[in-house]
Each structure stands twice: as C-alpha cells, then as structure tokens.
A.B. asks: 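So that we are looking at the same thing, I have put the structure below in structure tokens.
Residue numbers begin at 1 in each chain, while the letters A, B, ... track the order of the sequences. It should be emphasised that the depicted structure is a prediction, and the values quoted were computed from it without experimental measurement.
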Amino acid sequence: MIKAILIFNNHGKPRLSKFYEHYSEDTEQQIIRETFHLVSKRDENVCNFLEGGMLIGGSENKLIYRHYATLYFVFCVDSSESELGILDLIQVFVETLDKCFENVCELDLIFHVDKVHNILAEMVMGGMVLETNMNEIITQVDAQNKMEKSEVRL
Amino acid sequence: MPAVSKGDGMRGLAVFISDIRNCKSKEAEIKRINKELANIRSKFKGDKALDGYSKKKYVCKLLFIFLLGHDIDFGHMEAVNLLSSNKYTEKQIGYLFISVLVNSNSELIRLINNAIKNDLSSRNPTFMCLALHCIANVGSREMAEAFAGEIPRILVAGDTMDSVKQSAALCLLRLYKASPDLVLMGEWTSRVVHLLNDQHMGVVTAAISLITCLSSKNPDEFKTCVSLAVSRLSRIVSSASTDLQDYTYYFVPAPWLSCKLLRLLQCYPPPEDGAVKGRLVECLETILNKAQEPPKSKKVQHSNAKNAILFEAISLIIHYDSEPNLLVRACNQLGQFLQHRETNLRYLALESMCTLASSEFSHEAVKTHIETVINALKTERDVSVRQRAADLLYAMCDRSNAKQIVAEMLSYLETADYSIREEMVLKVAILAEKYAVDYSWYVDTILNLIRIAGDYVSEEVWYRVIQIVINRDDVQGYAAKTVFEALQAPACHENMVKVGGYILGEFGNLIAGDPRSSPLVQFNLLHSKFHLCSVPTRALLLSAYIKFINLFPETKATIQEVLRSDSQIRNSDVELQQRAVEYLKLSSIASTDVLATVLEEMPPFPERESSILAKLKKKKGPGAVTVELEDGKERGELNGGGDRGGDAAIAASNASTPSPSADLLGLRSTAPVSGTTPSAGSLLVDVFSEAGPSATSAGVNDDGFLSALHAPEASDSPLVEGPGDSDSAPPTVASEDPAPPLPESDELLNKFVCKNNGVLFENQLLQIGIKSEYRQNLGRMYLFYGNKTSVQFVSFNTTVSCPGELQSQLNVQTKTVEPLVEGGAQVQQVINIECLTDFIDAPLLNIKFRYGGALQNISLKLPVTINKFFQPTEMAAADFFQRWKQLSQPQQEAQKIFKASHGMDTEVLKAKLLGLGTALLENVDPNPENYVCAGVIQTKAQQVGCLLRLEPNAQAQPGEQMYRLTLRSSKDTVSQRVCDLLAEQF
C-alpha cells in the first residue's frame with residue numbers, strides 16, 4: 001500500500017502532499033520535513049530506495065523517489081509494493097502531468113494544486129493503484145475539463 | 001491541446017498565490033495568510049449568500065494555505081455545501097477539501113454521508129466516482145457503517161461502468177482494511193474473484209489489490225483466484241509487446257499488473273493442480289528467459305519495468321521454495337545483479353538474496369557470493385545499499401563462514417554510518433554467540449565490539465556476555481584475563497568497566513595466581529576507573545568490591561578503607577551511599593562462612609531467548625520508536641538503579657525455587673511476538689531454522705524424518721551438525737521409543753557431582769535447568785524445561801526411569817508435566833527421590849515433544865549420584881586416623897592416581913570437596929597440602945561411613961601435576977563409586 005505521496009522542491013517547500021493514512025496535521029508537516037531531510041542529502045546516482053523516517057513507520061516502510069529538475073517526487077510505501085513498480089508509477093504520474101500541463105514545471109503545480117490532486121486521484125485511490133494506463137487517465141481528466149468548461153460558459 | 005489550459009484558473013486565487021510567493025520573509029507570509037483567512041472568514045459569515053464560484057475560490061485558497069502548513073479550522077461547512085451543488089467543478093472542490101482536511105465532527109459526517117448517498121444513486125459515473133473517492137479517502141467507521149453494504153453491489157452489478165467498478169473495488173478495500181467486521185462476505189465474493197478475467201485491464205488492476213487483501217485474510221474462501229491469476233499472468237507474459245496496447249509500458253506488457261498477479265500468488269502455496277502448476281512454472285521460466293534477451297529499448301524505463309516483474313517472479317520462486325531448478329536460476333540471476341552498474345538493481349538483489357539465504361536449497365549457493373557482498377559493504381557509496389549488504393551477510397552467516405563475516409562486520413563498524421551502528425552491533429553480538437565454537441572467540445568479539453563501538457553497545461549486549469560467561473565455566477578464566485587486559489587501556493569505554501567489574505567480581509580469583517594480576521592489582525585497576533563512571537556503573541563496582549572481599553580476604557582492609565571514605569559513605573547519591581554502608585557493615589560483622597554464602601558465585605542464568613535477539617527484532621519491527629522507552633525500563637536490572645545487584649545476587653544464589661530475580665540479566669523479555677512483518681518473520685525463521693530441515697519444512701511436510709530425507713545433502717545439513725554447540729543436538733528420531741542416552745550424558749552427569757544447581761542440558765530448542773536439595777536419604781529435584789523458541793512444543797512428555805537393578809536401589813517419583821509448552825515459556829517438574837541402598841547407575845530422563853511437527857526425543861542421565869546423600873562428619877585428627885586404620889581391608893579402599901585437568905587452586909579444590917557433601921577437615925593431615933574429608937552416606941537400608949584423602953603434587957610443572965585420591969568406606973562398592981565420581985572432578 002502507498003502510505004503517502006509527497007512532492008517538494010529542492011528547498012523542501014511542499015508542492016503536493018497526499019496521505020493515505022490518518023496523521024495529525026502537525027505530524028504530516030513533520031513527516032514532510034523529515035522526508036525532505038532524508039532524501040535531499042542523498043547524492044545523485046545512488047539508488048532510489050531508502051528506509052522510511054521514524055515518523056512514518058521506520059524500516060517498515062520504504063521511500064521510493066525520483067528527482068526531476070527542481071522537484072522531488074516521493075512515494076512512501078509498505079513492503080507489499082514492488083520498488084521498481086513504484087518507480088514506474090512515478091514516471092507515469094510525471095508523464096501524465098507533462099501531457100496535461102504541456103511541459104509541466106513547478107509553477108503549474110503551485111497554481112493548479114486542485115488539478116494535480118485530480119490527476120493523482122485518477123491513478124491512486126485510498127493508497128492503492130487505480131489505473132496505470134496513461135491514455136486512460138488523460139481521457140478521464142479531459143472529460144472533467146470539458147464539463148468544467150461547459151459549466152464556465154453557462 | 002493540453003488537458004489543463006492555464007488561463008482558466010480563478011484569478012483571485014492566482015493573485016493570492018503570487019502574493020505569497022513574493023513575500024520576502026516568513027513573517028510577511030504569515031501576515032498575508034492571516035489577512036486572507038480573516039477575509040475568507042468574514043465572507044463565509046457575511047449576510048450575502050456566496051455563489052458557487054466564490055465558495056470554490058475560497059475553499060481553494062484554504063487548501064493552498066493548508067498545504068503551506070497552516071492549521072485550517074473552518075470552511076468545512078462551506079465545503080459540505082459545495083457537495084450538494086449540481087455543478088461538477090463545485091462538487092469536486094468540495095470533495096477535495098473534505099478528503100484533504102478530514103474532520104471527525106459527527107454532525108458534519110452525517111451531512112457528508114447524505115451527499116455521498118445522493119451521488120452514489122445519481123447514476124452519473126463522474127459523481128459516483130467522486131463519492132467513492134471520498135469514502136476511500138476518509139474511510140471512517142461511520143462511512144463503513146453507511147456504505148459497506150452498498151459498495152459490493154455497485155462493484156459486481158452488470159451495468160456498472162468500468163471506471164466506477166475500479167473505484168468501487170478500491171473503496172471497498174479501504175473499508176475492509178479499516179473495519180473488516182462491517183464488510184460481510186457474501187454472494188459477491190465469488191463474483192469479485194472473476195473480475196480477474198475482466199476485459200478491461202484497469203478493472204483487473206484495481207480488483208487485484210482488493211482480491212490480494214481478501215485472500216491473505218481468508219485464503220480458503222478465495223483460493224479459486226490462483227488458477228485465474230495464473231492464466232491471466234500466462235496471457236500477459238506470452239503476449240507480444242504490442243498486444244496490450246495502452247497497457248504496454250515501454251515495450252513491456254502490463255508490468256504493474258504482472259507484479260500484482262505474482263504478489264497475489266505469494267499468498268498461496270504452489271498450486272496443487274498439475275496443469276495450473278505447469279503453466280505457472282512455464283511463466284516463471286519465460287520471465288527468467290526474457291532477462292537474458294537483448295533489451296527492446298535502451299530507455300531505463302524499459303529495463304525497470306522488465307526487472308520489476310523479474311524480481312517479483314524471483315520472490316514467488318523463493319516463496320514456493322520447492323523448485324530447485326528455478327531456485328538455482330533465481331540465485332544466478334541475483335548474482336548477476338549484485339555486480340550490475342545500476343545501484344537500484346544491486347540494492348534489490350541484496351535484498352532478495354537475504355530471503356533466498358534462508359532457503360535450504362539455496363543457502364549454499366548464496367554463500368558463494370560472500371566476497372562480492374563483503375566488497376559491497378566496504379565500497380558502496382550509498383548507505384541504503386551498504387545496509388542491505390550487512391543484512392545479507394547476517395543472513396548468509398553459518399558455522400563455516402562466521403569468523404570471516406564477524407571480522408568483516410567488526411572492521412566495517414569502525415567507519416559505519418551512525419544510523420546503522422547500533423543494529424550492526426546487535427547483529428555481530430548475535431552471530432558471535434550463535435556460531436561460537438570456542439567461547440574465547442566469543443568473549444574476544446564482544447570485547448572488541450565494546451572497544452570499537454562502545455556507545456552503541458546496548459545493555460542487552462553486555463548483559464548477554466555476562467550471562468554466557470557465568471553459564472560456561474570453561475571460559476571464565478579466559479574472560480577474566482581478557483577483561484583485565486582490556487581495562488589496562490588508559491581510556492576504556494564505560495561498558496568495558498561494567499563488564500570488567502562484573503567478571504572480575506565473580507571470577508577474579510581465576511587469574512589471581514599471577515602476580516601481575518594479583519587481587520590488589522585487580523582492585524586498583526577497577527578503582528582507577530571508578531571516578532570517571534556514572535552512578536549505575538559505580539554501584540556495580542561497589543558490588544564487585546564486596547565480592548572481592550569474599551574472594552580475597554587480603555583485600556579486605558583496603559576495600560573497607562575505600563568504602564569508609566566520605567566520598568562513598570556520605571555520597572549524595574542514595575543508592576551509592578546505601579551500598580557503601582551496607583557492604584561495609586556486611587564485611588565487618590559477617591563471618592567468612594556467612595560472607596561466602598551471601599556472596600556466592602552467581603548461579604547459571606535460566607536460558608530463554610537471547611535478549612539481544614529480542615532487541616534486534618524490536619528494532620527492525622514496527623515499534624522501533626518504543627525501543628527507547630523500554631530501554632529506560634530495563635535499565636537497572638543488572639546491579640544498577642532500582643534493585644541492588646548485591647541483594648539480587650543473594651536472592652538468586654540462595655533461592656531454592658526459581659525467583660524472579662534469577663532473571664536479573666534482562667532475560668525478562670518474554671517470548672518473541674511471532675513475526676507480523678516480513679522482516680521480523682524472516683529473521684525468526686533465519687534464527688530458529690537452525691533446528692534444521694525439521695523446523696523449516698515442518699509446515700509443508702508434517703514429518704521430520706521424511707523432510708530429513710528430502711534434504712539434498714543430509715550429511716552437511718544442520719540437522720546432523722547440531723549448530724547449538726559441540727555439546728548438544730537433539731537426535732531427531734522418528735521412533736516413539738525413548739532415545740538412548742546422549743553420548744555426552746555421562747559428562748553432563750559429572751558436572752553435577754559437586755554442585756546441585758545449574759543447566760543440565762541445552763540445545764537450540766530446549767534448555768533444562770536443575771535445582772536440587774538433599775536431606776538424609778531423601779532428595780527433591782526441580783527440573784525447569786525452557787522452550788527457547790517462539791513456537792509451542794506439543795505432546796511434551798517427560799519420563800524418569802530406573803534401569804536394571806537401580807529399580808531396587810532408588811525410589812523415584814515424578815508428576816507429569818503439562819503437554820503444551822508455549823514459545824519462550826518454562827515449565828517446572830518436581831522429582832522426589834529416596835535412596836534405598838547404595839547405587840552406581842543414574843536414573844534416565846527421557847523428554848519427548850513435537851516442535852513444528854517433528855518429534856524430538858532426548859534421553860539424559862539425571863544427576864543423582866551416591867554422594868548426594870552424604871552427611872558431613874566433623875572429627876578431630878585422632879578420630880580420623882583411628883577410623884582410617886579400622887577400614888584397612890583391601891576391598892574397603894579405592895585409590896586412583898590421575899593427572900590434574902584443571903589448575904590446583906586451593907579455593908576451587910575446597911569448594912569442590914565441600915560440594916561433594918563431605919566435611920573438609922582442617923589440620924588433620926600432617927601435610928598441609930593434602931585434603932582430608934569425612935562423611936556418612938545415608939541410605940534407607942544402612943549408613944556407610946566414608947573417609948577421603950586427596951594428595952596433590954602442587955609443586956610440579958603445569959601439565960605434570962597429579963593427584964592421588966584414596967577412599968575408604970565400610971562398603972567396597974561405595975568406596976569405588978565415590979572414588980570414580982570424584983576423580984573426574986579435578
């Protein structure tokens with residue numbers, strides 16, 4: 001199961017946080033800081049997996065992350081997930097964002113948090129993977145946008 | 001066209017975000033946010049009804065503020081209002097807010113549930129999905145109560161759209177995880193399994209998570225999923241890279257789903273149906289073959305996806321642990337990855353090999369990679385990878401390579417990352433103990449650990465070295481010598497002082513013969529560290545000092561002086577002060593005999609699970625955070641803090657029944673919680689699988705004997721080797737007859753001739769401790785059977801029998817013990833013994849039980865020997881010689897001349913002779929080097945007077961030292977038997 005999905009930039013500013021287990025707001029912020037601390041101090045070209053921080057369950061959980069330009073995408077998962085599978089999933093997520101925002105950059109995530117949440121919701125639900133097919137995800141997002149536009153015109 | 005056009009956003013929101021981003025300081029940001037919060041609050045409270053667009057805009061702002069880490073305590077009601085909007089955008093923002101800022105206000109939940117109910121029955125798939133998402137995100141009990149009945153129906157209804165089915169499957173999974181009691185199995189369950197056959201791969205993807213969870217909880221009800229999963233997997237694996245269109249990811253067909261299918265199969269044993277099994281083996285082979293094919297793309301995503309499947313396939317092969325052919329291929333594949341240039345693959349290969357190492361088929365194959373793994377530990381740049389290498393070394397360690405691995409881990413410790421030092425220390429300590437052939441190596445290793453990484457050596461580790469030294473008399477002298485040497489270092493870790501203080505206090509006498517480590521030198525060495533130590537260590541040292549007074553009367557004056565000094569007797573710490581006062585008083589008023597009794601050597605510790613192991617499990621397990629807490633609690637169990645060591649030692653050594661203080665070295669940790677996490681689970685298997693195939697394969701094959709036959713190299717297997725130690729492996733005999741006594745049982749018997757308490761027998765499953773007391777011709781013996789494993793022993797049964805003529809010589813009565821011994825538990829058995837007449841043989845004790853299905857059958861000799869019925873007789877020199885002369889017929893005398901196998905330490909000899917049960921007569925023999933003793937053996941039929949003389953030639957070179965032992969008694973058989981027994985003791 002995916003316990004949390006975190007996106008933050010190179011300075012640790014959170015750009016998206018989605019927890020699939022309940023934590024207090026305070027703990028959530030601490031987890032984000034702890035995770036940033038763990039991930040950001042790692043060199044490039046080391047492996048993409050490490051044991052989770054104490055706050056999110058320690059060695060029970062793994063942090064699987066990718067670093068794209070200014071952003072870290074971190075998935076915190078338990079032992080039931082395939083590490084490489086999650087890496088692929090991060091890639092699908094990023095490619096989907098890229099298609100939806102056309103060359104996605106950090107600013108898109110800042111100004112369209114709600115959209116990013118919607119796209120993520122088409123992939124992951126309650127910590128489990130709903131869909132991995134990028135075209136399917138984009139079809140759903142497109143349909144939503146159409147509805148949105150028609151409502152705006154009204 | 002991009003799916004999200006950037007111009008469509010809400011202007012006010014964009015302005016607000018830009019403002020925040022332009023803030024120069026944290027204070028300015030907080031100010032801007034507070035202004036906005038006040039604005040939103042007033043808008044929400046204002047008289048004017050807000051339109052949907054405004055509500056949506058404000059709720060979005062709140063979300064953004066929340067993401068920045070600020071508490072949001074309002075806006076929930078507005079969000080709930082948005083739920084009932086007919087506009088998709090408003091509804092969607094409302095649901096998003098609720099999902100991110102879950103609030104447990106029950107009034108609110110009731111309103112949310114109402115909105116969800118409406119959307120679920122709307123038949124609008126988009127609205128239905130939003131509602132299902134919300135349930136899955138919140139997952140509260142109230143929601144489960146409201147919807148657990150409805151969602152299965154949506155999931156299996158024929159007319160439900162695919163996207164809704166996907167959401168419903170995961171929504172149901174979430175509810176099942178949160179409140180399993182509310183999700184009732186029913187007619188829908190069989191239809192859920194058939195979703196594995198669904199046309200739409202997305203539905204299969206979502207459904208498989210649900211099915212995997214349900215199967216792991218109710219394997220029987222869902223076992224039809226195995227054949228469906230195999231055929232689905234087979235279709236994917238054999239499809240061309242273009243067949244699955246959108247589900248093909250960088251030329252790999254449906255990698256995510258393949259992984260999930262392979263995971264689902266890991267909930268079950270290998271398929272029983274031959275055809276299904278054949279098809280699955282074919283799939284696994286295809287996956288292994290594909291790994292060797294040239295890649296279809298150079299992109300890293302291609303190899304990633306391919307390897308994701310490969311690793312899952314290998315996990316399944318390891319899980320089945322039944323196809324030697326596949327296991328070998330898996331092991332070879334992992335071996336290739338160990339040297340791969342991709343760090344991720346090296347990491348995963350090390351991790352998978354860890355589980356492979358515990359498979360009996362592949363343990364040897366894994367061991368061939370030892371050099372690569374050691375190299376990884378030394379050279380990997382990434383600490384996560386080094387950590388996995390350390391784990392693997394721990395898993396592949398066995399008797400053959402223990403010294404090498406422990407040495408490598410020790411040398412790595414000097415430079416290891418701080419984050420993993422403590423765990424490394426625990427692992428080294430466990431391996432050193434588990435594979436110690438000679439215990440001097442063990443002692444060296446642990447002292448090295450303390451030297452290299454003293455700060456990371458937890459209490460459990462140094463408690464354990466003391467437990468072991470106390471329980472093994474063959475290592476005590478060496479331990480004393482080694483700690484003495486270690487303490488000479490100008491700066492040594494406080495843990496070293498603790499171990500040193502404890503061991504010298506107990507066994508300092510064993511090295512006192514050497515003038516370089518004379519009692520006073522030992523004391524001065526310890527005391528030189530005293531002032532640098534913390535209070536608990538000082539308290540321990542004070543206890544060591546009082547033990548010194550008992551061991552070496554010549555140090556009494558010096559030590560009393562120290563105890564009397566103001567810094568001790570008026571110490572501001574209550575504990576230290578009290579010890580100083582009490583020990584001073586004790587040493588002043590107690591006679592040597594009382595002192596000797598009070599400060600007797602510590603009795604052996606009852607063995608249970610190693611406390612270090614429990615610690616490591618705790619560390620690896622879920623409650624890693626609680627470790628600190630528990631540490632605090634355990635502190636002071638040994639000689640420190642709360643219960644004072646001296647007193648505890650007294651209680652422990654005088655207790656005739658087991659007292660809680662016998663646990664004082666942290667053995668209190670109860671049975672290990674059986675592994676709930678895979679890591680803890682595999683550790684458990686790893687450690688206890690020492691019992692050999694009978695333990696590991698017992699689950700599959702309910703017969704220890706048969707599984708021993710299945711083991712490919714029975715002669716090398718630990719079953720025969722008996723890894724516990726040189727002195728004990730249970731013969732795993734399938735027969736129900738009592739096994740013949742162990743070959744070493746005579747030796748074990750001899751250990752108890754001069755003592756009444758101790759550990760009689762120990763292997764990796766079972767430990768038997770003894771306490772006994774004798775009066776006149778009667779004896780009572782308490783046997784303590786300790787289950788060292790985490791698994792219960794069933795059909796536990798013990799019998800005591802008197803073979804041959806012993807039947808008429810001894811009367812032995814026992815009560816039966818409970819047939820069930822829980823993991824980590826100890827059961828007690830009382831044996832009453834009456835000596836009718838003198839005897840030679842010992843009663844036999846047979847223990848039978850089943851451990852994981854395999855029958856264990858062990859026979860030992862009970863240490864009941866004729867000398868136990870001695871009554872000491874004090875007499876003057878004249879009496880002694882008169883009686884000596886009266887017993888001058890040749891058959892009344894038995895004599896032996898033999899080489900000394902231990903040193904000729906006076907105190908040790910005296911202790912042994914006293915332990916024999918006779919009175920040691922001082923000033924009787926004209927030669928002060930000699931020892932004479934007298935006693936009467938009490939049997940029901942008669943009393944047999946017995947005189948003894950032991951003449952050592954102490955002046956001879958070590959190695960040439962000899963004894964002459966002479967026994968005279970009124971009965972020839974008694975003379976002979978006592979002489980035989982005693983001759984083995986020196």
Side-chain angles (χ1 to χ4, degrees), chain A residues 14-17 22 25 29 42-43 45-51 54 57-60 79-80 82-85 87-89 91-92 99-102 108 110-115 117-118 121 125-136 138 140-145 147-149 151-152, chain B residues 2-4 6 8-9 14 17 21 60 63-64 67 69 71 87-89 92-93 96 102 126 133 136-137 139 163 166-167 170-171 173-174 201-202 205-206 209 246-247 249 255-257 259 263 301 304-305 307-308 311-312 343-344 346-348 381-382 384-385 620 622 624-625 677-679:
Chain A
R15 293 308 177 206
L16 174 103
S17 72
H22 189 70
E25 286 155 27
Q29 291 300 321
R42 292 170 61 82
D43 294 340
N45 300 324
V46 295
C47 76
N48 298 83
F49 326 121
L50 67 156
E51 285 184 357
M54 278 311 204
S59 54
E60 287 282 275
S79 62
S80 70
S82 148
E83 290 91 344
L84 293 174
L87 270 188
D88 288 343
L89 195 67
Q91 179 71 17
V92 171
K99 285 234 167 91
C100 292
F101 288 108
E102 230 178 33
D108 296 318
I110 297 172
F111 285 98
H112 302 280
V113 171
D114 53 329
K115 307 273 183 209
H117 269 288
N118 286 348
M125 176 170 164
M128 294 308 222
V129 173
L130 186 65
E131 184 58 79
T132 57
N133 176 351
M134 193 161 59
N135 292 336
E136 188 85 19
I138 291 172
Q140 295 291 339
V141 175
D142 273 338
Q144 290 164 13
N145 283 325
M147 275 194 278
E148 201 170 310
K149 277 199 188 125
E151 284 174 6
V152 170
Chain B
V4 177
K6 293 179 184 172
D8 287 358
I17 293 174
R21 287 171 48 76
C60 267
L63 272 177
F64 185 77
L67 181 67
D71 260 1
K87 284 193 176 165
Y88 165 75
T89 44
Q92 181 257 332
I93 287 286
L96 178 59
V102 186
T126 315
H133 267 100
N137 275 316
S163 62
Q166 282 171 273
S167 300
L170 294 185
C171 183
L173 171 57
R174 177 62 201 259
M201 295 279 268
T205 304
S209 291
D246 290 346
Y247 285 88
Y249 174 88
W256 179 269
L257 185 54
C259 288
R263 280 276 165 142
Q301 281 79 11
N304 237 356
N307 291 329
F311 274 107
E312 285 307 322
T343 316
N344 285 343
R346 295 198 301 277
Y347 175 99
L348 293 172
R381 290 198 304 134
D382 186 349
S384 325
V385 185
K620 291 298 250 181
V625 196
T677 67
S679 65

A.B. asks: Check whether Q166(B) reaches the backbone of L130(A) with its side chain - one donor and one acceptor, N or O, closer than 3.5 Å.
C.D. replies: yes
A.B. asks: When heavy-atom pairs shorter than 4.5 Å are enumerated against chain B, which of L89(A), L50(A), D43(A), N118(A) gives the highest number?
C.D. replies: N118(A)
A.B. asks: Checking heavy atoms, do the side chain of L16(A), its backbone, both or neither come under 4.5 Å from chain B?
C.D. replies: backbone
A.B. asks: Using non-hydrogen atoms and a 4.5 Å limit, figure out which bit of Q144(A) sits close to chain B: side chain, backbone, both or neither.
C.D. replies: both
A.B. asks: Mind listing the closest non-hydrogen atom pair of A121(A) and H133(B) along with its distance?
C.D. replies: O-NE2, 2.8 Å
A.B. asks: Determine the minimum heavy-atom distance between C259(B) and S82(A), stating which atoms define it.
C.D. replies: SG-OG, 4.2 Å
A.B. asks: Quick one: OG1 on T205(B) to CD on E136(A), what's the gap to the nearest 0.5 Å?
C.D. replies: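 One finds 10.0 Å between OG1 of T205(B) and CD of E136(A).
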A.B. asks: Find the distance between CD (E131(A)) and OH (Y247(B)) and round it off to the nearest 0.5 Å.
C.D. replies: 3.0 Å
A.B. asks: If you take all heavy atoms of T343(B) and N45(A), which pair is closest and at what distance?
C.D. replies: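 The pair with the smallest heavy-atom distance is OG1-O, 3.4 Å.
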A.B. asks: What part of R21(B) gets within 4.5 angstrom of chain A, counting heavy atoms only: side chain, backbone, both, or neither?
C.D. replies: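 Only the side chain of R21(B) comes within 4.5 Å of chain A.
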A.B. asks: Which heavy atom in C47(A) sits nearest to a heavy atom in D382(B), and how many Å separate them?
C.D. replies: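 Nearest pair, atom of C47(A) first, then D382(B): N-OD2, 2.9 Å.
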A.B. asks: Is it the side chain or the backbone of R42(A) that comes within 4.5 Å of chain B heavy atoms, both, or neither?
C.D. replies: side chain
A.B. asks: Using a cut-off of under 4.5 Å for heavy-atom pairs, which of R174(B), Q301(B), R263(B), Q92(B) has the most such pairs with chain A?
C.D. replies: R263(B)
A.B. asks: Heavy-atom cut-off 4.5 Å, strictly under: side chain, backbone, both or neither for Y88(B) against chain A?
C.D. replies: both
A.B. asks: Applying the side-chain contact (heavy atoms from CB on, under 4.5 Å) test to Y249(B), which of T132(A), V92(A), N133(A) qualifies?
C.D. replies: V92(A)
A.B. asks: Give the minimum heavy-atom separation between D88(A) and A305(B), together with the two atoms involved.
C.D. replies: OD2-CA, 3.2 Å
A.B. asks: Hey, which of E83(A), H22(A), H117(A), E25(A) has the most heavy atom pairs under 4.5 Å with chain B?
C.D. replies: E25(A)
A.B. asks: Most heavy-atom pairs under 4.5 angstrom with chain A, which of N307(B), I93(B), L96(B)?
C.D. replies: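 If we count pairs closer than 4.5 Å to chain A, L96(B) comes out on top.
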A.B. asks: Once rounded to the nearest 0.5 Å, what's the spacing between atom CG of D114(A) and atom CG of L63(B)?
C.D. replies: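 Answer for the CG-CG pair, D114(A) versus L63(B), is 8.0 Å.
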A.B. asks: How far does CD1 of I110(A) sit from CZ of F64(B), to the nearest 0.5 angstrom?
C.D. replies: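 Result: 6.5 Å between the selected atoms.
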A.B. asks: Closest approach of S167(B) and M125(A), non-hydrogen atoms and distance?
C.D. replies: O-CE, 3.0 Å
A.B. asks: If I measure from the heavy atoms of chain A, does N137(B) come under 4.5 Å with its side chain, its backbone, both, or neither?
C.D. replies: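 Side chain of N137(B) only, per the 4.5 Å heavy-atom cut-off to chain A.
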A.B. asks: Is it the side chain or the backbone of V113(A) that comes within 4.5 Å of chain B heavy atoms, both, or neither?
C.D. replies: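 Just the side chain, heavy atoms under 4.5 Å.
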